[in-house]
Structure formats: structure tokens, C-alpha cells
Amino acid sequence: MAVPILEVMDLHAAYGRIEVLRGVDLRVPRGAVVALLGPNGAGKSTLLKVISGQMEATSGDIHLAGVHVSNAKPDELARLGLTTVPEGRSVFPNLTVEENLLLMSYAGVSADQVFDTSYSYFPRLAERRYQLAGTLSGGEQQMLAMARALTSDPALLLLDELSMGLAPLIVEELYETVAQIARTGVSILVVEQFAQTALRVSDYAAVMTGGKVVATGEPSEIDKIMADVILGGAA
Amino acid sequence: MGEFLTYTVIGIFTGAAYAIAASGLVLTYSTTRVFNIGHGAIGMIFGFVYWDFSEKQGIPVWLSLALVLLVLAPLGGVFIERVVARGLGNAPISVSLVVTVALLVGLIGTAQIIWPSEPRSLPFFLQSHEPIKLGSVIITWHQLITIVVSAVVAVLLWLLLARTRIGVAMRASVDNPELLRLYGGRPQLVAALAWAIGTSLGALAGILLTPVVGLQYYDLTLLVISAYAAAMLGKLTNLPMTYVGAMSLGLANSYVIGYVDRVPFLKDLVGLPAVIPTVFLFAILVLLPQAPLRIGQVKGMVSPAVPTLGRSALSGGVLMIGVILAVLGLSTANQLLLGTAATFAIVMLSLVLFTGYGGFVSLAQFTFAGVGAVVYAQMDQPNLFGLLAAMVVSAAVGAVVAIPVLRLTGLYLALGTLAFAQLMDKLVFQSKWAFEFNNPLKAERLSIFGNRIEDTGGYVVMMFVFFVLIALVVIAVRRGRLGRMLVAMRDSQAACGTLGLDLRWMRVGLFAFSASIAGLAGALFAGLRGLVGPDDFLYFKSLLVLLMAVVWGISTVSGALTGGVFMMLMLNGDADLQGVLFLLLAAGAIIVARWEPNGLVSVLFRVPRLIQERLYPALADRYPGMALRLQPEDQADEPIGDDTGELPAVREGEEVDSDAVAAR
Amino acid sequence: MPLLHVDDVVVRFGGVTAVNHANFEVEPGTVTGLIGPNGAGKTTCFNVITGLQAPTEGRVWLDDRDITRMPVHRRARHGIGRTFQRLEAFGSLTVEDNVRTALDIHDGIKGLLRAVDGSADLEIAALLERVGIAEYARDRADSIPTGVARLLELARALACDPRLLLLDEPSSGLDEAETEAFGSLLLELAQEGRTILMVEHDMDLVMNVCDTIHVLDFGSIIAQGTPAEVRADAAVQKAYLGYAPAPSSTEASV
């Protein structure tokens, strides 16, 4: 079997004395889209933070394309081809749209190329290129954040709660882009609360609760148990 | 009209130089969140370097400028970022400010070592060329060059920040350095560049202003106040507003100098022009909106255990015996020095309360001592009433300083105190209400209930009695309700607020209390010396006191005592060595503030325990017959403890245990 | 008359709208839940109510009084207490000193007398006992488990005798048995006449103890009612799952 693009083994992490990840095991096969679902506070976002190098693991291993990368710095990982779109406001609010895009051209891609690709995917960004990113609507900000996923041609793309605070229609639109990126062969790990939207674009899914992965499987299998996991067990 | 225009030209020139300095300050602060109090000192030292190159060694002006501005200053900036400033952005201000104060003192020390005090002057640029005459207005080439350079700097900064990727990254790292890393950016590279440019701009401003201000250590260092005042208009982050602030300040400065003689009341205030930046600054501070309470905890700090009152009283008794024995063996001159050490130690006690326990920084404690001394001497009541009056007035002045910054964060309070110290130095202490110019005040020895303590030795002993009494008060405060609230306030402002504590007035109260202790020290010092002058209370001494207290332990009474003695030794040592001592002090403060926040004394106190814990078990292993055991009660009761190392902790929680032991 | 009225509150950070015309009331003596997906603006609402965050628009009323501009500490004096989602215990004090500090702040000068007669000590012990963390009394607050620290924050808030208690995710870090005990404690507090507004992700707990639930999404209230009503609400299911399951499955899970 081919080496998975991401393999997480028995990963533990804590905020101070509070253990948030309690032995996570997770694989993302090369070229696959994996959805990571689960209720609030399950540790999904923490897991992404550890994988992207923003937070240190207390124990356990992370392999990126077979290379052991535990506790590497986020900027090093970014230059190695890991693109992370963190949850919430993942753009620089006091820079204009164009300046945000300019910063995305770090990975050896020319600025013009970033502009062209982004504007062709999201024409709305072109209209607002001189506007401060902080004054865009939530959906437009998320498009801007996604522009980096589009242009950086990553080895692995981590998407955290794309849908957070966005209207369902815009979420659909964003996931349309995710599907397009996936079709180009990029491996994607997507953390999401909107279970069904995420499941529609994914090849595999995993469910986390209480700092562990408690279920993995095909999207259709996972879909059946999600309502119970999130809105509380059948009372 | 011509006169007005001339003042306007001078104002624009001054404003242009301030703008250069201020934009450097803003650049470093906004990219790294470290406010560099030493920014003016950077201007000062590179003013000297430039003088050395161009005047002393005769290197051509253009080459000297290039060497300083394009090579040495940027390198210096990168060095500061690497060695001094890195990682300070998120540190509490009691660490980050202390470190940059140390930078200031270290730079002054360096300047004193390399260029010992002697008259030097730096000519204006193109001094020999005829000034330009536009009607009745005369513009010198130096002024014109400064104004043009300032405009060029503005344009270049705009190009950098708006048009280049690294410049955009600088602005981005202000908002969210973590996200910048995810973008593959290197915040440290950005920080190094910001410091390199900021330092170079500080150097440029220093070189442009040196011919006006003069080439000496202290006045140019205070350039930071003007830069800070200008930058405050843009809340330390907005460059265009900083330029506006600098120009307004420059013009205000120039008009005041030009017209002050015509205003009858202000005429007597000889120091007024020098303090315009401070007045400007306070005006802006008052207008700024309320800062929100910080949500999100500071990491629980480990403070040294506080001794019980009984034990402290015992240590105080031992100290008094020591002092009495010392006084008996010392000459009058040396007794005076010992009294001076007591003064420093009491001032440091005020810092233990304010900085050590409260976590705030004051850069004006010696100024409050000066207030106390003036009140004591001017009232001519050399008794306990006079002493009390000195304390009350110092406390009131402290409250007046703290109230304008009531709504703001601790950084602004600290910077406000520096501005206040400068205002007192230049304006109030020079005025006829205080010392007047070059006119020391007479003060008499203190009488207690009608018994006048005329003998110097006796007076020194009495000063130490005051030290011990205040130390007991400080320790009692720390062990009591107030102390707990201070710790709570440091740990979580948001929680304190939502429990009903008014943090703003708590801070004002604490500052006033601490100022009153410093005022008492000043009054006692006036009585000791008999003659006091403004030089005894220069702003710079407040900085030295702060650093010395940090080095020996700003959260312990023993640190204050040791610090007081060393402060006296440093200031009364060989004048040629002073620069070296300042440099050592600065280096020590940087190291201690960053790695051993409880100071050297607590390290010394740890030695016996280290022996107990490392040596005793080893010996016990080897010689099982020897009754060598650890004595847990003794440890818990030890006056100074600390658990930053891997040693078992004496934590604040265990104070309870030591209480129990004492009660048994 | 409601005890608390969040009146058309808007909070914008730069261009991001965290709370968007939120409008809800809390009746005295009830346990009210404030739920919603991540990023819905619940904690920001709490910050607005306690005064840690000024709203961009809108007002906050306590009883009949407009407290929108009132500073944080004065709101506490008017009987608003809270706990925090990200813990804000005083880490370098012991657990009992955390509560003692709260009492000191609450009592003001009066506290000096109480410190002498020892009644403060009794009260601290009683509070710790009540929330069930008496065994940790002498531990430093940064060395205790999360669940305990949350209960400590509750004890600390109770020391100030609040009329309105805001709890931000109080049960995270508690195990099942502890959560159950915590639920009964909440009901007890409500019986004493205290009003509780709670942000909580443990739906079993919310459904069991709350009288009323407000559901926040995109910073606006999208549903309110009894637990059963809220659970059956299509808009709520959509907010949580991104879609509304078929009615039959909804009934099955209620």
C-alpha cells in the first residue's frame, strides 16, 4: 500500500494541564478527501493546529508523506507544501484583498499568477481588490482564504470549519471549490460541523469525540450516526 | 509676520526630525509589540558614532552617513532584535519595559566608556553655506535638508509598506503573526527588518538633532518622549497620523519657545519649552478612549514565598544590629553613604510594592523622592508631621500622574511616568517653588517627638529603622487582602473585573501608595544630607533604581536592601568606571528580567537548599550512619524561595502551611 | 418583567459581525440555555452582558435599567456574575484563596471584620463543599484539572452572591457523574431564586436542566422555546447539521 500523505499516530496534546487530544490515530491517503467530523470541543481544531505546527504535541507522531515532522514550525511546514486554512478569520483584515493575495505568493508562485487564478475562480474578489479584507462579508473573506488553497498547489490541504458563521448557500459555493481542488488530485483533510456538506465531497470520514477518533468509514456510514453524535444521543 | 514664519520654519524642521524618530518607533512597535524606551538613546549613540567618524577621524560626511545609517545602525537593530528584544512582544510589560530601559542605560554606559565626558559639537549640515532667504524668512540648509529627508523617509516607508511583499508582511504580522507563519512567512525575519529600519531611523533623527540639542548623553536620550508623544496621535501604529503628530508637536514647540517671553505668567517657567512634548503627550493620553480589560490569562507566575511577619521582624532585628555595628565603625563620610544606601533601599521597597507585586512599571520613583524632599525642606517642619506631609503630597502627585492614564494599559502608565519625570526635572524642580536653578535647598535633621537626631550615625540607624518598618508594612500588605488582590489582578484582569473590582482605581491607589513611600525616602534623604538639589533626583536615577531592583530581586525585601547598597556603591564609585558599571547593570537586568524574574538574591538564597538537596542525599547514601535529613518545615519557612528550577516548589499555596507552622 | 434583556445587540470586529441584532430575554429564577454552533457569537454575547465588550449597536437592560455603558465592576455590584470558557482562575493562588479574594472584593471594607471573626473561612469552606471541590482547597489553582477549575470559577462567582449567573461551557471537563451532580446544583441554585444563563455544548445537560433555550446562529437568535420545541425546530437542526433531517428521524430522536 502506498505511503499515506498524512499519518497521525497516538497523538496527545494539551493546553497547559488540560489534555485535549488523547491518542488520535488518523490517515489521509494520497489524493483523497477526508472529512473529520464531531461535536464542539471534540478536539478537531486542536488536531489541525498540531498537524500544522501551531501547537506542540505532548506525545505521538505525525508523518507527512512518510517523513516524520512532529513539532516542526508552521512556516517550515508551509514551505514544505502544507497549506492550512484555519478556522474563523483567516485573512489579514487590515490589508487589502490584493495585499492579502500578494502575501500568498510566498511559495515560489509569482504574484501575478496568484491574482489571475484567484480572480478567475472568484470574480467577486477582483471587484474588491482594493478593499480592506476586514470589510468584506464573511463569505468573501472565506473565498479570499480559499484563494491560498487554490494557488499554492499544496501536497496536503487542511481546511478548518470553512462554514463557520456563513449562510448555507455560500457554504455550498465554497465546497464546490473544494471539490474542484480535489479533482486536481490534491489531498485534503477537512474539519467541519456541517456534516452533510462535508461528507458530500469526501472519500472517507472520521468522527472525533473526547479527543479521540471514535469512528471511521465511508461517508454514507458516518452520515447515519452524525445526528446522534452532535445533537445528543437518542434520549 | 516674518517672525511668525521663521518660527514656523523652525517648527517644521523640528517636527520633521521628530517624525523620523517617531516613525522608527512606530515601525518596531507595530511589527513586534515591543515599545523601545531606548529609541532616543539609539539616536544619541549614533550621534556620537557619526561625530567620531566625521569630526574626529575626518571621514567624509557622505561616507560617515552611509556607514552609520546603512551599515552600523541596521546591524545594531538586528543585534537588538536577536539578543534583547526577541520574544518580548507577548511578555508582561514588567519584563518588556525593563528590558528596553536596560537597553537605554546600557547605551548610555557604552557612550560614556567610548566617549568620556568632554565638550564636543557637531556642525550643522552645510553650515558654511549661506542660508536661503525667502523674503524675511531665513531657512538654513540643515533645516531644509532635514525637511526633505523627512519627506523622503515618508515616501520610502510608504513604498516599503504598501508595495513590497516584505513590507506587506510587516503589516500583516501586526495583525496575526501566527497566520503569517501559515502563509509561509517568517515573522522573525520581518521583526529583524523592522528593528534594522527602526534603529536606522532613530540614528538619522539623532544625527539631525544633535547639532541643535548638543552632543551629550542624557538630553538626546529623551528624544524618545517627543517621538512617543508624536506616535501616540496614531496610537503607536498609524504612520500618517504619527507625521501629523510630529509636525504639530514641532510647531507647538517652536511657537512656545518664540513667544513664551510675552506671556507674563509663563515667563518664569524657564523649563517650559523643554517639556512641551510631555504636555502634548498628556493631552493626547487624556483624550484616548478606554482600553478594554484583557481577557486571557497571564501564565500563573511563580513568586518567591513571602516570609511570615514574625520571621521578617526577626530578620529586621538582625539587620538593625548589623547597621548599628557598622555605623560605630564608620567615618562620617561613610555613614552618609550608608544613609544614601538606605534611601535607595526604601525607594526600591516602593518598587517591590508597585512592580514586584503589582506588575506595573514606574520610571519616576526617584522623582517622587524629589517631591518628598522638596516638601520636607520647604515646609521647614523637620518632624514627623513634615514627614507625613511629604508622603501625602507625593501620594497626591502620584495620583495626578496616574489618573490621566487611568483608562489605559500599563504600558501607557509607565511611559507617562517617564514623561512626568522629565517634566519635573526640567520644569518644576527648576522653578522657584522647588529648588530654583542651581540653588540647593537646606533641610534639617528630623526630630521625633521633640528629640532631634543630630548625630549622623544615629540618623542613619533611624533611616534603617524606617526601612525595616516599611518593609514590614510591605510584607503585611503582600500577605493580606490587598496582596491577594494584586496577585489576582495580575493573573486575570477579566475575572477581577467581573467579580466587582475596579481595577482602575486600584492601580491609582497602588501607585499613590508606592509614590508616598518614595516620597518618604526623599524626605529622609533631605534630612540626612542637609542640602539637596535637583541633580539628586534626575530622571535617570529612577531608571537605575528600577534596573538595580530588578537585578537583585524586585519582588523581595532582601532584593531591595541589597539593591540599595549596590546602587550606592555604583553611583559613588570611580567616575571613570561608571560607564562600565551602567553597562554591567543593563546586561544584568536584561538577563535577570528574562530568565530569573525573582532576582539574584533569590538565587543566593537557593544555594543552601541546593546543598541540602543535592549534597545531603549523596552523603547520606555514602555514610548511612550520619543523620542527614531534609527538614521540610524549614524549607517552607525560608524567607526567599522560588521554583523556576527543577527544585521542589515553595509556592504561594504553601504560605498557608508556613502560617500553620508559625501558629503551632 | 425579564431580569435581563439583550436588546438588538450588534458587535462588529473590523468587518466581521460576531453578533448580529441579537435579541433575547431571560426571566428571573429560570435556567436559560444559550446554544449554537461554534462561532455563533455566544461568548461575545456574554462579554457584552458583563461589560468586557462594548456593543457596536444595541442595549443591554438589567431589570429596567440600561447598563450598556456601565463599567464591568459596577455590573458585578448589580448582581451579574460569570464564569469563563477559557479559564480565568487566579492560577498562582490556592483554590480557597481564589474564593477568598472574591469574597474580599465583594465585601469591601466589611470584609475586614469578617476576616477577624472567622465567618469568611466558614463561608469559603461551605462554597467549596457546595460545588464539590472541597478536597482541592489547598491546591494551587493552576494545578487542578479543568473540570475542577470550572467549578472553582462557579464557587468564586457565587461568593459575590449574584442574581444573574452566566456560565460559559461549565460542564466541559466534567465526567458523566460530575455533570449529573452539576445539573442538580444548577436546579438548586435556580430554586434559591438565582437566574442562570448558560452556554453549553452538552445537549443532554441543556435539555435536562433548562427551562428555556435560545439558539444563536450567525450572531442572531434563530429559535427559542422549551427544550423539546428547540430540538424539533428545523432551523436549529439546519444550523447544527447543515441540513434538516426528515421529520420521522427527528421524532425518533426526541
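All chains are named by letter (A, B, ...) in the order of the sequence lines, taking the proteins before the strands, and each is independently numbered beginning at 1.
- The structure places CZ of R481(B) at 12.5 Å from CG of D97(C), a figure rounded to the nearest 0.5 Å.
- What you find for I105(C) and L501(B) is that their closest heavy atoms are CG2-N, 3.5 Å.
- Distance alone, capped at 3.5 Å, is enough to place a donor-acceptor pair between the D491(B) side chain and the S92(C) backbone.
- Heavy-atom pairs under 4.5 Å with chain B peak, among R75(C), R100(C), H78(C), at R100(C).
- Taken from CG in L499(B) to CZ in F90(C), the straight-line distance is 5.5 Å, to the nearest 0.5 Å.
- Within the model, atoms CD of E88(C) and OG1 of T498(B) stand 8.0 Å from one another, a figure rounded to the nearest 0.5 Å.
- Taken from OG in S492(B) to CG in N98(C), the straight-line distance is 9.5 Å, to the nearest 0.5 Å.
- Neither the backbone nor the side chain of R74(C) comes within less than 4.5 Å of any heavy atom of chain B.
- The two residues R504(B) and P71(C) come nearest to each other via the heavy atoms NH2-CG, 4.5 Å.
- Put simply, CZ on R484(B) and CG on D104(C) are 4.5 Å apart, with the number rounded to the nearest 0.5 Å.
- In this structure, chain B has a heavy atom under 4.5 Å from the backbone of A157(C), while its side chain stays farther away.
- Of the atoms belonging to I80(C), it is backbone heavy atoms, and not side-chain ones, that fall under 4.5 Å from chain B.
- A pairwise comparison of heavy atoms in R156(C) and A495(B) identifies NH2-CB, 3.3 Å as the closest pair.
- The two atoms that bring G497(B) and A76(C) nearest to each other are O-CB, 4.0 Å, heavy atoms only.
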